[in-house]
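Numbered from 1 within each chain, the chains take letters A, B, ... in sequence-line order.
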Amino acid sequence: MSDRHYWLVKSEPNAFSFDDLVASPERTTYWDGVRNYQARNFIRDGIKKGDLVLFYHSNAEPTAVVGVARVTREAYPDHTAFDRKDPHYDPKSKREAPTWYMVDVQAVERFVRPVTLADLRGVKGLEKMALLQKGSRLSVQPVTAREFEIVRTLGTPAAL
DNA sequence: GCCAACGTTGGC
DNA sequence: GCCAACGTTGGC
């Protein structure tokens with residue numbers, strides 16, 4: 001599938017970890033709560049069914065890529081933005097004109113060896129990886145096929 | 001807990 | 001449209 005694209009998503013394991021994804025029904029969840037326009041544009045316009053995703057733990061010990069997920073449903077409105085009681089509620093987003101979108105992702109591989117941020121720095125071929133750029137805070141980032149394979153190989157993936 | 005980097009908000 | 005103030009992210 002030469003058409004496939006690759007991504008990296010960040011999650012704080014305190015809030016939602018890779019293990020949480022694995023424990024979810026069908027190892028699948030909707031990726032809600034993205035409230036950044038650049039990340040939203042990737043979700044709404046870039047991410048396609050079948051794309052593969054590196055799952056990264058931020059604000060963690062250690063910070064690391066811990067597994068791979070697959071996109072099982074393309075962009076649809078993030079309903080948590082409509083819920084007044086949800087922490088991600090956004091009154092600007094309307095049901096008839098949603099501001100925020102989400103996709104569904106399914107866990108497919110766990111890394112036997114989590115690939116830490118420190119591991120990634122200095123790896124040949126990852127010099128331009130978005131995650132490693134100074135000040136990069138995007139929670140959804142594009143990854144090249146080559147970057148994806150390098151990181152995946154470092155992690156020693158095991159099927160779930 | 002600190003703080004640098006970045007995004008958003010709002011006064012003008 | 002500018003930009004200072006503020007809030008958030010996320011590594012350390």
Ionic contact status for A:Asp90 with A:Lys92, cut-off 4.0 Å: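 A salt bridge links A:Lys92 with A:Asp90.
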One thing to verify: whether A:Asp78 and A:Arg40 come together as a salt bridge, which I'm taking to mean a side-chain N less than 4.0 angstrom from a carboxylate O.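 Judged by the 4.0 Å cut-off on N to carboxylate O distance, A:Arg40 and A:Asp78 do not form a salt bridge.
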Between C1' of C:dG11 and CD of A:Gln133, the distance in whole Å: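 In whole Å, C:dG11 C1' lies 15 Å from A:Gln133 CD.
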For A:His57 and C:dG11, what is the distance between atoms NE2 and C1' respectively, to the nearest whole Å?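 Those two atoms, NE2 and C1', are 16 Å apart.
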Here's one to test your reading of the geometry: is the NZ or CZ of A:Arg73 within 45 degrees of the ring axis of A:Tyr76 and under 6.0 Å from its centre?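 So A:Arg73 does make the cation-pi contact.
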Quick one, give me the B/S/- string for nucleotides 4-10 of chain B, reading 5' to 3', where B means a protein heavy atom under 4.0 Å from the base and S means that only happens at the primed atoms, P, OP1 or OP2. -BBSSS-
Quick check on the 6.0 Å ring-centre criterion: do A:Tyr37 and A:Trp100 meet it?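 Centroid distance A:Tyr37-A:Trp100: below 6.0 Å, so yes.
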Please collect all salt bridge (charged side-chain N to carboxylate O under 4.0 Å, His left out) contacts where either partner lies in residues 98-118 of chain A, sequence neighbours excluded, each pair once.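 Listed once each, the pairs are A:Asp19-A:Arg110, A:Glu109-A:Arg152.
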